Amino acid sequence: MDYKSIVLSTEIPSLEFERGGREFTIPVKVQNGSDVDLFSSQDIYLTYHVLDSNSNVMRWDNERTEIAILPGDEESVSVICTAPNEAGDYYLEIDIVREGVEWYSAQGMHVIKVSFKVQKNGSKYLDELEKEIQRQNEISNIFKKELASGQYKLEKPYVSLNPYGNSPLTAIILFQTEMPMCITVKVEGKTKEADIKGEIKKYTTEHTIPIYGLYADFLNIVVITGETKEGIKRKSILKIQTGGLPEDFSDINIKTYIGDSVQYELGMNFCYTGLECKGTKMAYDINGDIRWCFLGEFAWPTNYNSSTSVWVLKQSDEIRDLLEGMYCEYTLLGQIRTAILIPYWVHHDIWFTKRETLYMLINSEDTSHDAAIEVNCKTGEIIHYYNYKKMFMRTRNTSELYTNNDWLHMNALVEHNGDIIVSGNTQSTIMKHDKEGNIKWILADPIGYTTYWKNLALTPIGDNFEYFYNQHAIEILPDMDGNPDTFDMLLFDNGISRNKCNGLDKEENPPYSRIVHYRIDEKNRTVEQIWEYGKDRKELYSMWRGDANLLTNGNILGVFNLRDKNDIDGKAYMESCVCVEVDRDKNVIWESYGCSDKARNSYQNYRMERKEMYDTEEANIDLSHEVKIVEVRRKS
């Protein structure tokens, strides 16, 4: 066979890509001047090699493109290629391979070279995002077309269940009215306390109404009422049949105890759910019925920013040297609104400020969960970078959970009066510092701290004071004593290292977890314990995670994650979750118990927020929404 008689050519001398990792094609003309078939059915393919700017091979084996060219024939073939992830200058060499036998270039066939440039590092998540946005726009365009048809009225609207494919207990309804109307929605609950109500206050003739809180596998009754400015009302009763809960959610078993439904803070229980080590989002009602769930597997927990949006984190170990991941904001309907590309490994919560910035908890260069950044949400610029190895006593080992790599394990950050309060779980420490990184005070059991940090510690006052250990979920409370020198703080005290720090025997002193309310006097540098719940309920001991929230009616909502440390069946722990709402007299107003029906028997919650399903500023769904994309630039 004369390999030199096979001639490859292209009219594309060079290419340029804004970002790496993109798939593309190059048109290549193949002239088969040999006396043999070039058939992929005989394991012969067009392919390519990637070389750097100095012609050193970077990636020899790549995608194969099928061909079928007889001797003497000529064919134009689009060769499928993928640009390198890293920014730089490259060459592409087009070659032919016979699998497991030979490369034609090694036998004398002349290869063709195409130079190309990649301007920015690639992102797996940006590629996925662009596809998702395209699909979302296609769906929204269908809705716009249906709405513009004029055939749908309030009495008989257009209804689409799970409109964007990722929120199965929601729907969108579309219709027009002759007169401008505002719209109210009621999704009837199985009990009166489980009703869901919402109001779209804007008067308009075109309506794109979100429906939240449908029951799964149920014929839901939804009442739509329109009202003009003059008070003229029209009503429509819809029946929406749903399918069963998606896999995983159907395996969650929730039982609720209702002590006093009148004192129950109205709203759904929005939670970050850990089921069989998978992270996802859902909400359930007073009776334990799941009324909203969001499909997809996500990385570490993040916050619910409002009743109408949810933030999720997409992150993978496979791309640590590229853009590490992406925070995405979705409406409860499943419509993506914002995407923030992140060049750091992030963990736990994010905190939005009133300055259109946000804080993220990240890994530093060599260790985990011990740095934070403040990011401009418009430009992606990093405004502040805090490396807590420069601030904390890194070698203090008073925790059951200490490792050299995860020596701090930051799990919460909040702003207070222009300063920053951070929670270090492994150090059982809460610290306040200013924007320049100067420590103002430390709240922690001082055991293990040397003089420098002991001098920064707040002094406990009061007879009932106890320190917290391996805490989560710090929350600044409204002013409760009218003293400008003090502020109140709520947190979840896991208590994991309490016995170790106090030299107590675990058998004689069973561990316990608590919700704790502290009052800090910054002028006198003191701390007082105001209230706690959980110490007397040893069955609620939480080895990890946990939450504590002040509700608008004054009650406290806590999340206790139970884990049996015994080696069950020689395979795994038993993990369940108890969420409890109590008043200040420690009466149980409401309590839920959740477990898994799966064999591994693992169900936990990380955070829980009690929120109304419909926001007070609820609006018609914007079918022309342009997704905001922000790329955070790594701090030099």
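Bear in mind that the values here come from a model prediction, so they are computed numbers and not experimental data.
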**Q** Are the aromatic rings of Tyr257 and Tyr593 close, with centres under 6.0 Å apart?
**A** no
**Q** Quick one: do Asn470 and Ser399 satisfy side chain to side chain donor-acceptor pair (under 3.5 Å)? Show the steps, please.
**A** CA-CA 8 Å; Asn470 306 103; Ser399 175; 3.2 Å; yes
**Q** Identify whether the distance between the nearest side-chain nitrogen and carboxylate oxygen of Asp419 and Lys435 falls below 4.0 Å.
**A** no
**Q** Should the heavy atoms of other residues, nucleotides or ligands under 6.0 Å from NZ of Lys389 be counted, would the total exceed 12?
**A** yes
**Q** Between the side chains of Asp536 and Lys586, is the shortest nitrogen-to-carboxylate-oxygen separation below 4.0 Å, so that they form an ion pair?
**A** no
**Q** Taking the cut-offs as 6.0 angstrom to the six-membered ring centre and 45 degrees off its axis, would you call Arg396 and Tyr449 a cation-pi pair?
**A** yes
**Q** Do side-chain atoms of Glu591 reach the backbone of Glu581 as a donor and acceptor pair under 3.5 angstrom?
**A** no
**Q** State whether the side chain of Glu329 and the backbone N or O of Ala339 hold a donor-acceptor pair below 3.5 Å, judged by distance alone.
**A** no
**Q** Could you please spell out the steps behind the side chain to side chain contact (heavy atoms under 4.5 Å, CB included) verdict for Glu356 and Lys378?
**A** CA-CA 7 Å; Glu356 294 189 321; Lys378 290 185 175 180; 2.8 Å; yes
**Q** Would the Phe465 and Tyr518 ring centres measure less than 6.0 Å apart?
**A** yes
**Q** Under the 3.5 angstrom rule, does the side chain of Trp407 hit a backbone N or O of Thr395 as a donor-acceptor pair?
**A** no
**Q** Report yes or no: does Asn499 contribute a side-chain atom to a donor-acceptor pair with the main-chain N or O of Asn509 at less than 3.5 Å?
**A** yes
**Q** Can you confirm whether more than 12 heavy atoms, excluding those of Lys390, are under 6.0 Å from its NZ atom?
**A** no
**Q** What I want to find out is whether Lys201 reaches Glu618 closely enough, with some N-O distance under 4.0 Å, to be called a salt bridge.
**A** no
**Q** Donor-acceptor check, side chain of Asn502 to backbone of Leu504, threshold 3.5 angstrom: yes or no?
**A** no
**Q** Would you tell me whether Gln315 and Tyr125 have side-chain atoms, one donor and one acceptor, within less than 3.5 Å of each other?
**A** no
**Q** Between the side chains of Lys440 and Asp434, is the shortest nitrogen-to-carboxylate-oxygen separation below 4.0 Å, so that they form an ion pair?
**A** no
**Q** Is a side-chain donor or acceptor of Asp585 paired with a backbone partner of Asn587 at a separation under 3.5 angstrom?
**A** no
**Q** Does a side chain donor of either Glu522 or Thr486 reach within less than 3.5 Å of an acceptor in the other side chain?
**A** no
**Q** Take a 6.0 Å sphere around NZ of Lys202 and say whether it holds more than 12 heavy atoms from other residues, nucleotides or ligands.
**A** no
**Q** Are Thr170 and Trp292 close enough that a side-chain donor and a side-chain acceptor fall under 3.5 Å?
**A** no
**Q** Regarding Thr367 and Asp370, do their side chains bring together a donor and an acceptor under 3.5 Å, going by distance alone?
**A** yes
**Q** Short question: side chain of His369, backbone of His347 - any donor-acceptor pair under 3.5 Å?
**A** no
**Q** Output yes when Lys535 and Glu466 qualify as a salt bridge under the 4.0 Å nitrogen-oxygen rule, no when they do not.
**A** yes
**Q** Just by distance, with hydrogens left out, do Tyr469 and Asn494 show a side-chain donor and acceptor under 3.5 Å apart?
**A** no
**Q** Look at Glu381 together with Arg633 and state whether they make a salt bridge at an N to O cut-off of under 4.0 Å.
**A** no
**Q** Would you please classify the geometry between the Trp311 ring and the Tyr327 ring as parallel, tilted or perpendicular, with 30° and 60° separating the classes?
**A** perpendicular
**Q** Go through the steps to decide whether Asp248 and Thr280 satisfy the test side chain to side chain contact (heavy atoms under 4.5 Å, CB included), and finish with yes or no.
**A** CA-CA 10 Å; Asp248 288 342; Thr280 190; over 6 Å; no
**Q** Are Arg610 and Trp590 in a cation-pi setup, meaning NZ or CZ lies under 6.0 angstrom from the ring centre and within 45 degrees of the ring axis?
**A** yes
**Q** Looking at Ser497 and Glu400, would you say the former's side chain and the latter's main chain have a donor-acceptor pair under 3.5 Å?
**A** yes
**Q** For the residue pair Ser542 / Asn561, report whether a side-chain donor-acceptor contact shorter than 3.5 Å exists.
**A** no
**Q** Using a 6.0 Å cut-off, check whether atom CD of Glu626 has over 12 heavy atoms from anything other than its own residue.
**A** no
**Q** Between the side chains of Thr357 and Asn376, does any donor sit under 3.5 Å from an acceptor?
**A** no
**Q** Counting only heavy atoms from other residues, nucleotides and ligands, does the tally under 6.0 Å from CG of Asn464 exceed 12?
**A** yes
**Q** So, for Tyr606 and His348, is the gap between ring centers shorter than 6.0 Å?
**A** yes
**Q** For residues Tyr541 and Arg537, is any side-chain donor paired with an opposing acceptor at under 3.5 Å?
**A** no
**Q** For the ring pair Tyr386 and His433, is the centre-to-centre distance below 6.0 Å?
**A** yes
**Q** Would Arg498 and Asp493 pass as an ion pair if we require N to O under 4.0 Å?
**A** yes
**Q** Would you say Asp547's side chain and Met608's backbone share a donor-acceptor pair under 3.5 angstrom?
**A** yes
**Q** Say whether, by atom type as modelled, one donor and one acceptor occur between the side chain of Gln471 and the main chain of Gly424 under 3.5 angstrom.
**A** yes
**Q** Can you tell whether the side chains of Glu575 and Arg545 come within less than 4.0 Å, N to carboxylate O?
**A** no
